[in-house]
Undergrad: 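Dropping a structure here in structure tokens format, bear with me for questions.
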Amino acid sequence: MSHALTAKLNPQQAAAVELPAEHALILAGAGSGKTSVLTSRIAWLLSTGQISPSGLLAVTFTNKSAKEMLSRITAMLPLNPRGLWVGTFHGLCNRMLRLHHRDAGLPEAFAILDQAEQLSAIKRVLKLLTLDDDQYPPRTVQQYINGHKENGRRAADVEAWDDYSRQLKLAYEEYEKQCNREGVADFSELLLRCYELLSYKPEIRAHYQQRFAHILVDEFQDTNRLQYAWLKLLAGQNSAIFAVGDDDQSIYAFRGANVGNMIDFQSDFLVKHVIRLEQNYRSHGNILDAANAVISHNTQRLGKELWTQASAGELIRVYEASSDFEEAQFIVEEAQALIRDGMAASEIAILYRSNAQSRIIEHALFSAGVAYRVYGGLRFFERQEIKHALAYLRLMANPSDDNALLRVINFPTRGIGARSVEAMVEKARLEGCSLWQAACMGAAGRGAAALGKFVSIIDAMRNQIAGLAMTDVVRVMLELSGLLAHYQKDKDGEERVANLEELVNAAATFISEDENNLIAFLSHASLEAGDHQAGEHEEALQLMTVHAAKGLEFNAVFLSGLEEGLFPHENSSKDQASVEEERRLMYVAITRARQRLYLTLAQSRMLHGQTRYGVASRFLDEIPQVLLKYLNRGYAPSSYSSAAPSSFNAAATAKPVAAPKKSTPEHGLAIGCKVEHPKFGLGVVTDHEGGATGNVQVNFAQHGSKWLAVAYAKLKVV
DNA sequence: TGGTGACCAATTTTT
DNA sequence: TTGGTCACCA
């Protein structure tokens, strides 16, 4: 068995998989088969009978990688995934806290606040303390609180020397109290609370320490201090931690990731086994050479150099555009050439340092009629209508969830205005009770009837759902709350109604894979906000930030905006540490490409409404010239057409490509063009979103402005 | 109670 | 340039 598992691995990978049950650090370079090693290790441990499934804990950062790991393991071995402790840090902490909620000092039905909900909870605290928004911006306070939690500090542990920090500390204290009163936990609370559970309850700690003989950690370079401390508590005398990570891909310091954990791990745990996975299975040689060259400029490294058995491949193409507009044009036409040559659009990525850069590229793509998909944006459980629905569900599960109550008390509107809410908040404060209890006591004056109605709606919901399946719980809620009716009445509510129906479906599928339980469903909704965007598997160009591209790979990658101030970003070019982080980001970007890499920059760029003239990024200079091929040497072309898009088949000499079509999109729907709709008549295209498969906004002469789906609306260019 | 205009700030983001 | 927030008004 063990032979079969390691047969496909290289010697370093195999060595890692078959390490003895001792602490180990695996330095896994980009594209070195990290996930295979992690899952093979698990499969090896289980199949050789060294541990039972219950003795294993594997932790990741994202649900995506947790799912990936789980599906790979269950593909190798017949296991019930539900019995396995494989999940995200937050997911596993939540699981532990649910099991021991009493010992953790949490109500059974505690709700999980996401970032946005935490922010509104903090705003309430600041209002209560009458702290000025300008001096104490809610976002700053949020960072302050999370920062302390991620370093294991409760409000009581925080030092305050001056008035300002005393106020912040006070806000933290009050926020803690509020969360406890309402029975809610934010994301960092899940970790901190679980950490405290393990440290204050020796018998629980001992139980898990004994149980988890093997703890495997993915993306170890991304762990923060608290996550590291949690791992340290969880690992007992007989546990072995198998940490996999890459210090060169540490790009999340800004949200608390501490690469230093890799060094601390080695000394704290007296790690004997450090294995480097340096053979890369993804990229051609030139791309790896460029990546190695760039990252070698960093001083703080554990040291690692990627190599490949693959050929050198093509040179890295550099294109210097005269403007951001022209840069976008170049990328689009070049990408079209690649697609024409047979490359799948979904195998082509356009990367940028900051989201703002996507606009102009999207515009160019749209004008050319090329399908594309932008990563980022709202996720399913973050949509307004879904948030409202979830708030009702949460209120049903836990009436003292004031956050949830405030969100829906007057949505759909039922005549409970700001003053009534204000009065209720004041009442709750005086009585020291929840808003729900205050609401139940009724109100004086005109607001009384409306408030009574709200209370009876919630009561009715709670009475009706007893014994119902999750889907029906959601249905009842949608009916009684009036949410569904509200959006059905709304002329632009079609999509929202569809999303609410999708929520019913989500509840249905949830039952099949988990227990039929409102609380579990709500946790699931908070911890897994869902897909970033629909149409993930559609054939389209992939647009995303370099951060979002981590972990992904593409046949061809366009890395745009290689200018000082953009990449490295100007906010990160002052001190060495942040430049090194930017350089790691560059390293991540380069190593996304399998076969072809384009580096593009623009001499002028529209930034904050002003034209800026940039200088080439220092990272460009850090790549050996021999690896680069300038597509427009001698630059400053008025039009990029001087550089003919080159064929994807590297051996072939660039074949002549048709002269670039200027603003003649294949579907003909560029902004400003006149169209005719069978029902609405004549109009002008004024805006668009989502590419050729997305929507266009048309201002119709007779019927005003409307958003229409390109694919369905029978628009004719006139 | 929702809509409008002034004003300001402006990486990267998972859970 | 864009987007978000906020005060003010019908």
Undergrad: At under 4.0 Å, does any side-chain N or O of A:Arg359 touch on OP1 or OP2 of C:dG3?
TA: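 Yes, such a contact exists.
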
Undergrad: Check every atom of B:dT11, B:dT1, B:dT15 against the side chain of A:Thr413 and return the nucleotide holding the closest atom.
TA: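 For the A:Thr413 side chain, the nearest candidate turns out to be B:dT1.
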
Undergrad: For A:His486 and B:dG2, what is the distance between atoms NE2 and C1' respectively, to the nearest whole Å?
TA: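 Distance, rounded to whole Å: 11 Å.
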
Undergrad: I'd like to know if A:Asp248 and A:Arg584 make a salt bridge, using a cut-off of under 4.0 Å between side-chain N and carboxylate O.
TA: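 Judged by the 4.0 Å cut-off on N to carboxylate O distance, A:Asp248 and A:Arg584 do not form a salt bridge.
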
Undergrad: Rounded off to whole Å, could you give me the CD1-to-C1' distance for the A:Ile361 and C:dT1 pair?
TA: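 To the nearest whole Å, that distance equals 16 Å.
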
Undergrad: Quick one: which of B:dT13, B:dT15, B:dT12 gets closest to the side chain of A:Tyr252?
TA: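 Of B:dT13, B:dT15, B:dT12, B:dT13 is nearest to the side chain of A:Tyr252.
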
Undergrad: Is A:Lys127 paired with A:Glu422 through a side-chain N to carboxylate O contact shorter than 4.0 Å?
TA: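 Counted as a salt bridge, because a side-chain N and a carboxylate O are separated by less than 4.0 Å.
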
Undergrad: Go nucleotide by nucleotide along DNA chain B from the 5' end; which of A:Thr88 and A:Arg414 gets its closest nucleotide reached first?
TA: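 By nearest-heavy-atom nucleotide position, the 5'-most residue is A:Arg414.
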
Undergrad: Tell me every residue that passes side chain to side chain contact (heavy atoms under 4.5 Å, CB included) with A:Glu176, counting only those two or more places apart in sequence or in another chain.
TA: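 Partners of A:Glu176 by the side chain to side chain contact (heavy atoms under 4.5 Å, CB included) criterion, ordered by chain and then number, come out as A:Arg154, A:Ala155, A:Tyr172.
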
Undergrad: Ignoring hydrogens and angles, are the base of B:dT14 and the side chain of A:Gln115 linked by a donor-acceptor pair under 3.5 Å?
TA: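 Looking at the base of B:dT14, it does pair with a donor or acceptor on the side chain of A:Gln115 (distance under 3.5 Å).
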
Undergrad: Return whichever of A:Glu528 or A:His569 has its heavy-atom-nearest nucleotide of DNA chain B closer to the 5' end.
TA: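 Checking each residue's closest nucleotide, the 5'-ward one belongs to A:His569.
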
Undergrad: Please report, rounded to the nearest Å, how far the P atom of B:dT14 is from the CZ atom of A:Phe381.
TA: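 For the pair A:Phe381 CZ and B:dT14 P, the rounded distance is 16 Å.
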
Undergrad: Could you tell me whether A:Lys67 and A:Glu528 have a side-chain N and a carboxylate O separated by less than 4.0 Å?
TA: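 The answer is yes: the pair qualifies as a salt bridge.
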
Undergrad: Looking at B:dT11, C:dT1, B:dT13, which one has an atom nearest to any side-chain atom of A:Glu582?
TA: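 So the nucleotide nearest the side chain must be B:dT11.
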
Undergrad: CG of A:Leu552 versus C1' of B:dT14: gap in Å, rounded?
TA: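 It works out to 14 Å between those atoms.
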
Undergrad: Within the structure, does a side-chain N or O atom of A:Asn355 lie under 4.0 Å from either OP1 or OP2 of B:dT13?
TA: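 For B:dT13, OP1/OP2 do have a side-chain N/O of A:Asn355 under 4.0 Å.
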
Undergrad: Check every atom of B:dT15, B:dT13, B:dT11 against the side chain of A:Asn571 and return the nucleotide holding the closest atom.
TA: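 Per side-chain heavy atoms of A:Asn571, the pick is B:dT11.
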
Undergrad: Taking OP1 and OP2 of B:dT15, is either one under 4.0 Å from a side-chain nitrogen or oxygen of A:Arg255?
TA: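 Answer is no, no contact under 4.0 Å.
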
Undergrad: From the set B:dT1, B:dT13, C:dT2, return the single nucleotide nearest to any side-chain atom of A:Asn410.
TA: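 It is B:dT1.
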
Undergrad: Step by step, would you call A:His100 with A:Tyr208 a ring-ring contact (aromatic ring centres under 6.0 Å, His included)?
TA: CA-CA 12 Å; A:His100 306 284; A:Tyr208 286 109; 5.6 Å; yes

